[in-house]
Amino acid sequence: MELLPHDDATNYTADRVQLEQAMLPDDIDYAKLDKLYWPKPAYTKGDLLVYMREIAPYMLPFLKNRALTVIRCPEGVEEASFFQKHLPNYAPDFIEHVPNEAGTENLILCNNLETLIWFSNHGALEYHVPFQTVATSTPEEIVFDLDPPDRNHFSLAVFAATLIKQMLDGLKLQSFVKLSGNKGLQIYIPIPTGSMTYDETAVFTQAIAWTLEQQYPDSFTTERLKKNRNNRLYIDYVQHGKDKTIIAPYSPRRTDDGTIAMPLFWDEINDTLHPAQFTIKNGVKRMQELGCPFATYHQVKEKQILTNLRAFI
DNA sequence: GGGCCCG
DNA sequence: CGGGCCCAACGCTCC
DNA sequence: GGAGCG
């Protein structure tokens, strides 16, 4: 099927004009662009493709050379979903890949625009990546996952992020923050490739988590069992390990409201922030107005000074 | 969303 | 030919 | 050893 058949001039709705102007790769067959992927706000598959095309320049650097796991919902967020992390045998040649450890499957690399749009066109809504590239076995960043029990307790994530930011500033570490697109916040500390092992980053994240838990035991917990968390914010330090994954910056989420994992500026982390503030419909405009909060991420990564961090652990 | 297997 | 099924998977902790 | 958790 061609990109946008229009045998009939009445097909030129505003949405259709936007799709024609979206500059989607022409080596992919697009179909069912009006399918409702997010029924509640009435966002379509076409809306997803337009968003992914426009966000791709900002998102691709955070996927590069990392084994990709997608969550696919080809019938939309209210229908069945499944994970995919192995290259399917029907994948086109422009998708880069590497063998897994056992040599039994190929892991997917999303290193170009065509790959990103190909997966979007196949109903891939969420893009998850590990903390390492396929070139190494050490993490490229340290991440704190601040996960409140529900969106009504989002202020706990704002509080925790503020406290962690203070501690990181004290250690002269440059950090970045994003909305998870679901309930919480995630803090990134990029580090030079090969500069720390997972064992070392684990000591650090546990030390920070433990400090918060000690200071505010009514607000924060590192308790793994849900029944023991009692509406406290869970600081998930276990999540940061080899082969664990995290939602990529700018990825859409499989939520009712079409939210995205939105990078923010630190001064936006306050009580006016809402966890579902940014969606596939308003995320690009915000970027065009304010710029990418992670624009300096890879420069900072190379220059990050770990002296104080090492003294701390 | 698409391939595959089974009837 | 059509319907149903698959599409990840790993370790840690608790009981 | 199996379930709950990410």
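Note: hydrogens, waters and symmetry copies are ignored here, and every other heavy atom, side chains too, is used. Lettering of chains follows the sequences in order, A, B, ..., and the numbering in each one begins at 1.
Nearest to the side chain of A:L225, among D:dG6, C:dC15, C:dA8, sits C:dC15. Side-chain proximity of A:K85 to B:dG1, C:dT13, C:dA9: nearest is C:dA9. When each of C:dC7, D:dG6, C:dA9 is scored by its nearest atom to the side-chain atoms of A:Q84, the top-ranked nucleotide is C:dC7. Nearest to the side chain of A:H86, among C:dA8, B:dG2, D:dG6, sits C:dA8. Of the candidates C:dT13, C:dC15, B:dG1, the closest approach to any side-chain atom of A:Y37 belongs to B:dG1.
Judged by distance alone, with hydrogens and angles left aside, A:R72 brings a side-chain donor or acceptor within reach of the base of B:dG1, the pair sitting under 3.5 Å.
Separating the C1' atom of C:dA8 from that of D:dC5 is a span of 16 Å, rounded to the nearest Å. Taking the C1' atom of each, C:dC6 and D:dG6 are spaced 24 Å apart, rounded to whole Å.
For A:K244 and C:dC12, the shortest distance from a side-chain N or O to OP1 or OP2 is not below 4.0 Å. Regarding contacts with the backbone of C:dC14, every side-chain N or O of A:K227 stays at 4.0 angstrom or more from both OP1 and OP2. The side chain of A:R229 contributes an N or O atom lying less than 4.0 Å from OP1 or OP2 of D:dG6.
Taking every heavy atom of both residues into account, A:P61 and A:A56 meet most closely at CD-O, 4.4 Å.
If you take CD of A:E105 and P of C:dA9, they are 7 Å apart, rounded to a whole angstrom. For the pair A:Y234 OH and C:dT13 C1', the computed distance is 10 Å after rounding to whole Å. For the pair A:D29 CG and B:dG1 P, the interatomic distance rounds to 12 Å; values are reported in whole Å. Rounded to whole angstrom, the span from the CH2 atom of A:W118 across to the C1' atom of C:dC7 amounts to 11 Å. When the P atom of C:dC10 is taken as reference, atom CZ of A:F83 falls 14 Å away, rounded to whole Å. The interatomic distance linking A:E223 (CD) with C:dC12 (C1') rounds to 13 Å, in whole Å. When rounded to the nearest whole Å, the span between CD of A:E75 and P of C:dC7 equals 18 Å. If you take CD1 of A:I71 and P of C:dA8, they are 13 Å apart, rounded to a whole angstrom.
A donor and an acceptor atom, one from each side chain of A:S120 and A:Y127, are located under 3.5 Å apart.
Contact of the A:K35 side chain with the A:E75 side chain is registered, since non-hydrogen atoms from C-beta on lie closer than 4.5 Å.
Within 4.0 Å of A:N89, counting heavy atoms only, lie sugar-phosphate atoms of the nucleic acid but no base atom.
Taking the ring centroids of A:F294 and A:F62, they lie under the 6.0 Å cut-off. Taking the six-membered ring where the residue is Trp, the centroids of A:Y37 and A:Y43 are separated by 6.0 Å or more.
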